[in-house]
Amino acid sequence: ASTSNLATKVRVLFRVLLARPNRTMRFHICLLIQLLAVQGLQFPRVTVPRSRSAVLCASPAEAAKPAEAEVAATAGRDGVVVATNELLMKARDSKTVLKVVAEGGSTLNGINIATAMHCLAKINKRNRVGRDALLRDRGYTSLIDSVVAQASELSPRATADVLWSCATLQDFPPQLLMPVLTSVAGHLDKEAFAPRHLASVVWSLARLTTKPTRLLERIEEQAIPRLDGMNDQNIANLLWGFAKLNYKPSKLLPAASAALLKPGMVERAKHVEVSDLAFAFGELGAPGDYDALMLALSERVAPGSDASS
């Protein structure tokens with residue numbers, strides 16, 4: 001009964017705040033949604049997780065992974081690529097990954113390089129000591145040199161994976177900047193990125209505090225017709241990234257709000273995605289523009305909902 005009463009009070013409070021459409025009230029709406037999301041996440045040291053992204057809490061099927069489909073496509077053409085990727089994906093520590101890379105040498109292609117970067121990021125994303133040791137390793141420096149050398153050959157998936165890996169490791173060596181962004185631009189020219197890769201690229205750029213405005217404009221343009229191919233997590237990553245970069249995707253926001261309000265979208269959002277979406281629309285939207293979505297997000301994490309239980 002107490003939970004039901006609290007849920008009712010929370011819903012009333014949201015409606016009161018929504019009835020007063022100004023920037024201060026909108027901030028309190030977003031803050032309350034995020035606090036409710038944090039309560040469900042039960043992270044002991046987190047208050048308002050503006051810097052957390054859904055990618056970091058993603059399921060294995062949704063987080064950036066080595067390009068298995070691309071590797072499979074090479075099976076009949078180059079068994080070395082397949083064998084190398086299998087070794088990389090079986091590795092459980094950085095030294096093993098770097099050893100495979102060193103032994104592969106010039107036989108490695110862009111898929112292998114991207115897979116190696118991904119594996120290192122996955123192994124060390126919650127291991128600060130291991131990450132720091134990795135960044136000092138000469139083998140890692142050699143791998144970065146290989147990324148630079150192979151950048152023009154990276155597929156859309158491999159480009160997104162390299163950026164995700166750099167963002168997860170919080171390391172974007174200066175020599176990578178132009179080659180990787182040039183690769184992003186080339187794939188945008190061909191409209192070759194899958195919907196979730198567009199989201200991953202923006203999230204990664206935000207984590208790396210890198211703001212190529214013209215590329216963001218083009219990603220916004222290409223994301224709008226691809227929203228039907230994105231789930232709630234992809235949209236949360238995309239908009240969170242735009243918000244953190246202080247880039248307002250004016251054309252994308254209404255379309256994203258409409259996509260999120262379709263049946264089954266907000267209803268299955270995890271707490272971290274609700275928090276990221278509340279932050280993004282709070283930062284990017286004008287007061288009163290997205291009240292229906294804000295109310296739906298609040299309902300998702302209100303006490304008594306299945307997400308908060």
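No experiment lies behind these values; they were computed from the predicted model shown. Counting begins at 1 with the first residue of the sequence.
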Query raised in the report: Between His187 and Leu154, is there a donor-acceptor pair closer than 3.5 Å when you use the side chain of the first and the backbone of the second?
Result: yes

Query raised in the report: Got a sec, which residues hit side-chain contact (heavy atoms from CB on, under 4.5 Å) with Leu261, two or more places apart in sequence or on another chain?
Result: Ser257, Ala292, Leu293, Ala296

Report summary line: Distance col, row Leu216:CG vs Glu221:CD, nearest 0.5 angstrom, shows 11.0 Å

Query raised in the report: Going by heavy atoms in the side chains, are Val184 and Leu205 under 4.5 Å from each other?
Result: no

Report task. State, yes or no, whether a side-chain contact exists between Arg131 and Gln170 at a heavy-atom distance under 4.5 Å. Result -> yes

Report task. Report the residues that fulfil salt bridge (charged side-chain N to carboxylate O under 4.0 Å, His left out) with Arg138, sequence neighbours left out, ordered by chain and then residue number. Result -> none

Report task. Report the C-alpha separation of Leu98 and Leu120 in whole Å, then their side-chain angles, then the decisive distance to 0.1 Å, and conclude whether the side chain to side chain contact (heavy atoms under 4.5 Å, CB included) test is met. Result -> CA-CA 9 Å; Leu98 295 177; Leu120 290 172; 4.0 Å; yes

Query raised in the report: Is the backbone N or O of Lys251 less than 3.5 Å from a side-chain atom of Glu220, with the two atoms forming a donor-acceptor pair by type?
Result: yes

Report task. Quick one: list whatever passes side-chain hydrogen bond (donor to acceptor under 3.5 Å, both in side chains) with Ser142, sequence neighbours left out. Result -> none

Query raised in the report: Say you draw a straight line from CG of Asp171 to CG of Leu135; how long is it, rounded to the nearest 0.5 Å?
Result: 4.5 Å

Report task. Search all heavy atoms of Gln222 against all heavy atoms of Leu188 and return the closest pair with its distance. Result -> NE2-O, 2.8 Å

Query raised in the report: Got Leu88 and Val101 here, is their nearest side-chain heavy-atom distance under 4.5 Å?
Result: yes

Report task. State whether the side chain of Glu299 and the backbone N or O of Leu297 hold a donor-acceptor pair below 3.5 Å, judged by distance alone. Result -> no

Requested in this report: Of all the heavy-atom pairs spanning Ser250 and Pro254, show the shortest one and how long it is.
Outcome: O-CD, 3.2 Å

Query raised in the report: Looking at residues at least two apart in the chain, or sitting in another chain, which of them share a salt bridge (charged side-chain N to carboxylate O under 4.0 Å, His left out) with Glu191?
Result: Arg226

Query raised in the report: Between CD of Glu273 and CZ of Arg300, what distance do you get to the nearest 0.5 Å?
Result: 9.0 Å

Query raised in the report: Could you go step by step and tell me if Ile113 and Asn109 meet the side chain to side chain contact (heavy atoms under 4.5 Å, CB included) rule?
Result: CA-CA 6 Å; Ile113 297 299; Asn109 69 0; over 6 Å; no

Query - Polar side-chain atom of Glu153 near backbone of Gln150 as donor-acceptor pair, under 3.5 Å - result: no

**Report entry** Those residues that, when tested against Tyr247, pass ring pair (Phe, Tyr, Trp, His ring centres under 6.0 Å) (two or more places apart)
**Finding:** Phe242

Query raised in the report: CZ/Phe172 to CD1/Ile144 distance, rounded to the nearest 0.5 angstrom?
Result: 9.5 Å

**Report entry** Flag side-chain contact, heavy atom, 4.5 Å: Leu295 against Ser298
**Finding:** yes

**Report entry** Pairwise distance CD1(Ile123) to CG(Leu134) - rounded to 0.5 angstrom
**Finding:** 9.0 Å

**Report entry** Set of residues satisfying ring pair (Phe, Tyr, Trp, His ring centres under 6.0 Å) with respect to Tyr140, sequence neighbours excluded
**Finding:** none

Query raised in the report: Heavy atoms, side chains only, cut-off 4.5 Å: are Leu176 and Cys166 in contact?
Result: yes

Query - Student check: side-chain heavy atoms of Leu238 and Leu252 closer than 4.5 Å - result: yes

Query raised in the report: Does one hydrophobic cluster hold both Leu177 and Leu245, with members joined at side-chain heavy-atom distances below 4.5 Å?
Result: yes

Requested in this report: Taking all heavy atoms of Val180 and all of Thr159, pick out the closest pair and write down the distance.
Outcome: O-CG2, 4.3 Å

Query raised in the report: Are the side chain of Lys125 and the backbone of Thr168 linked by a donor-acceptor contact shorter than 3.5 Å?
Result: no

Query raised in the report: Which pairs count as salt bridge (Lys or Arg N to Asp or Glu O under 4.0 Å) when at least one residue sits in residues 99-116, sequence neighbours excluded?
Result: none

Report task. Name all pairs fulfilling the salt bridge (Lys or Arg N to Asp or Glu O under 4.0 Å) condition that reach into residues 142-152, sequence neighbours left out, sorted by first residue then second. Result -> none

Requested in this report: Identify, with sequence neighbours excluded, every residue that meets side-chain hydrogen bond (donor to acceptor under 3.5 Å, both in side chains) alongside Ser146.
Outcome: none

Query raised in the report: Any link between Ile224 and Leu239 through a network of hydrophobic side chains (Ile, Leu, Val, Met, Phe, Trp, Tyr) touching at under 4.5 Å?
Result: yes

Report summary line: Contacts of Arg92 meeting side-chain hydrogen bond (donor to acceptor under 3.5 Å, both in side chains) (sequence neighbours excluded), chain-then-number -> none

Query raised in the report: How far does NZ of Lys90 sit from SG of Cys119, to the nearest 0.5 angstrom?
Result: 12.5 Å

Query - Minimum-distance pair of heavy atoms, taken over all atoms of Ala236 and Leu277 - result: CA-CD2, 3.6 Å

**Report entry** Which residues share a side-chain hydrogen bond (donor to acceptor under 3.5 Å, both in side chains) with Lys262, sequence neighbours left out
**Finding:** Asp228

**Report entry** Test item: side-chain donor near acceptor, Asn85 and Asn112, under 3.5 Å
**Finding:** yes

Query raised in the report: Side-chain contact, heavy-atom cut-off 4.5 Å: Leu163 with Leu208?
Result: yes

Query raised in the report: Does a side-chain heavy-atom distance below 4.5 Å link Met117 with Asp161?
Result: no

Query - Donor-acceptor under 3.5 Å (Arg196 side chain, Asn234 main chain) - result: no

Requested in this report: Output yes when Asp189 and Arg218 qualify as a salt bridge under the 4.0 Å nitrogen-oxygen rule, no when they do not.
Outcome: yes

Requested in this report: May I ask you to check whether Ser94 and Asn124 show a side-chain donor-acceptor distance below 3.5 Å?
Outcome: yes

**Report entry** Considering all heavy atoms, the nearest Ala206-Trp240 contact
**Finding:** CB-CZ3, 3.9 Å

**Report entry** Non-hydrogen atoms of Met230 and Ala223 that approach each other most closely
**Finding:** CE-CB, 4.1 Å

Requested in this report: Check the pair Arg136 / Asp132 against salt bridge (charged side-chain N to carboxylate O under 4.0 Å, His left out), numbers first and verdict last.
Outcome: CA-CA 7 Å; Arg136 295 191 299 267; Asp132 291 346; 5.4 Å; no

Query raised in the report: Does anything in residues 230-243 pair up under salt bridge (Lys or Arg N to Asp or Glu O under 4.0 Å), and if so which pairs, sequence neighbours excluded?
Result: Asp232-Arg268

